[in-house]
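One structure is given below, encoded as structure tokens.
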Amino acid sequence: MSQQPKATLYAAPLVIPVTGPVICGGAVAVRDGRILHVGTRAWVEQKLTEDGLSAQQVDVRPWRGLVTPGLVNAHTHLQYTGMASVGSREYPSFRAWELAFNKIYDSPEQKPWREWSHQGARQMVEAGITAAADVVSDVEAADALLSQGLHGIAYWEVMDWDNEDWKQHGKEALLDHIAQIRRMGVTELGISPHAPYSLGSGPLLDLPDIARQLGMRLHIHLGETPAEAGHLPSRLTNQTSWAWNRTEWQSFNDLKRAGAGASAIQFLDQLAVLGPDVHIAHGVHASREDRRILRQRGVSVALCPRSNRVTCTGADAPVARYLEEGNPLCVGTDSLSSCPSLDVLDDIAMLYDIAIAQGYEGPDLSHRLIRMMTLGGAEAMGLNCGPKRIGQINVGARADLAFFDVPVDVSSPQALEDTMERFVRHGSGTCRATIIEGRVAYDRIWN
């Protein structure tokens with residue numbers, strides 16, 4: 001009787017662990033859904049032998065391209081996958097895009113949110129994505145990640161509550177929705193206060209407390225629209241906030257109408273919303289002081305450059321400044337209602353161009369972009385450490401891997417750097433296999 005394989009060895013000319021140096025002629029050994037060993041192929045094979053595994057007990061799967069940790073989409077709305085007609089058009093303003101979105105979302109015909117969300121989850125798997133921050137606004141779409149065995153968090157979106165209605169009914173409605181979602185089998189759940197302009201200050205104060213009492217993380221659209229930009233001198237907030245923070249503003253919109261000049265980021269900071277359990281989407285309109293606040297509070301920023309162009313956010317995010325100043329960064333596609341695809345490598349390629357155009361001169365740009373779409377996304381959701389860690393290839397981490405059909409040249413240090421740059425600029429659409437916790441979720445190589 002032949003022995004059943006007890007480990008799988010994936011070998012490739014280039015392995016990018018992210019938490020360690022790139023490995024030329026590398027290999028990753030996987031067992032029971034975890035990374036068992038990672039290193040050069042010869043070293044990994046030696047370690048498997050030392051583990052007592054015979055050649056018959058190791059399933060060897062070679063690949064000609066490069067291997068990365070599973071990619072992380074740090075901001076998306078999978079339930080809008082069926083609204084691609086909105087995301088494929090051009091608009092003169094954010095409001096014009098919003099009206100086109102609402103025309104479909106608010107139409108009386110029933111939308112197959114669950115089916116659309118599952119389709120979006122499958123598209124991500126086929127792009128090498130193994131985890132996501134999925135913002136959910138209709139309960140039936142809440143199990144999108146679960147449908148494909150993806151890691152990440154489903155964030156229940158809370159919006160359009162003024163202070164009085166929230167006080168009367170808001171918390172009860174929120175807890176009811178959370179209970180419904182949990183009954184669907186969704187265990188990784190967070191809360192997404194939609195944006196400062198769609199909620200009163202009451203819910204913006206309460207939602208972080210509720211999330212933290214329940215042990216949940218938070219995800220917020222912030223600094224996305226021109227109206228969220230501030231007009232105060234970009235110096236320490238405690239030097240400018242005295243002029244406005246003593247008023248109990250009913251909402252950010254009231255503050256704006258009064259001409260107080262504070263940004264949405266500064267407003268939420270005064271409400272103690274921000275913290276290391278929060279990551280934001282977009283961060284387009286973020287001054288030097290806004291960026292400092294985000295760094296100091298430990299808030300990661302999910303950059304969504306293609307979505308920002310479609311929805312006319314008025315500018316590109318200050319990518320070069322974020323990089324130079326050291327803000328924690330990740331990347332998101334947003335939904336197909338504002339973006340042509342759910343492949344984060346399309347956004348990474350645009351971020352490369354934006355950073356260069358904004359004057360970023362560091363020689364490490366490709367490396368930092370790869371980190372953004374792997375470990376950066378994991379950090380944003382608190383999945384960078386411990387037994388649930390993803391976004392990295394190291395011993396004991398979840399065995400999430402992506403295999404890309406990108407020409408690899410490791411004949412010299414410069415050739416290796418050129419390969420990394422080729423990947424971030426032209427890697428979109430090249431995923432050929434995706435492994436999620438040791439399970440083959442997508443395979444165009446070995447089957």
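By convention here, the first residue in the shown sequence is residue 1.
In this structure Gln148 satisfies the side-chain contact (heavy atoms from CB on, under 4.5 Å) test together with Ala121, Arg122, Val125, Leu150, sequence neighbours excluded. Under the ring-ring contact (aromatic ring centres under 6.0 Å, His included) criterion, Trp249 pairs with no residue at all, not counting sequence neighbours. Glu157 is linked by a side chain to side chain donor-acceptor pair (under 3.5 Å) to nothing, counting only residues two or more places apart in sequence or in another chain. Every residue meeting the side-chain contact (heavy atoms from CB on, under 4.5 Å) condition with Ser107, not counting sequence neighbours, appears here in chain and number order: Glu109, Lys111.
Applying the ring pair (Phe, Tyr, Trp, His ring centres under 6.0 Å) test to pairs two or more places apart or on separate chains, none has a residue in residues 287-317. Counting only residues at least two apart or in different chains, salt bridge (charged side-chain N to carboxylate O under 4.0 Å, His left out) contacts with residues 274-299 comprise Arg212-Asp277, Asp269-Arg297, Glu289-Arg292, Arg291-Glu325, Arg295-Glu325. Applying the salt bridge (charged side-chain N to carboxylate O under 4.0 Å, His left out) test to residues at least two apart or on different chains, none of the pairs has a partner in residues 189-202. Pairs of residues two or more places apart, or lying in two chains, that qualify as salt bridge (charged side-chain N to carboxylate O under 4.0 Å, His left out) and include a residue from residues 140-153 are Arg114-Asp143. Within the structure, the ring pair (Phe, Tyr, Trp, His ring centres under 6.0 Å) test picks out no pair touching residues 306-364 (sequence neighbours left out). Counting only residues at least two apart or on different chains, the ring pair (Phe, Tyr, Trp, His ring centres under 6.0 Å) pairs with a member in residues 158-187 are Trp156-His177, Trp161-Trp166. Within the structure, the side chain to side chain donor-acceptor pair (under 3.5 Å) test picks out no pair touching residues 81-90 (sequence neighbours left out). The stretch residues 388-401 participates, sequence neighbours left out, in these salt bridge (charged side-chain N to carboxylate O under 4.0 Å, His left out) pairs: Glu188-Lys388, Arg398-Glu437.
Side chains of Gln168 and Glu164: a donor on one and an acceptor on the other come within 3.5 Å. Gln266 and Gln270 are not linked by any side-chain donor-acceptor pair at a separation below 3.5 angstrom, with hydrogens and angles left out of the test.
The heavy-atom pair separating Ser201 from Asn163 by the smallest distance is N-OD1, 3.1 Å.
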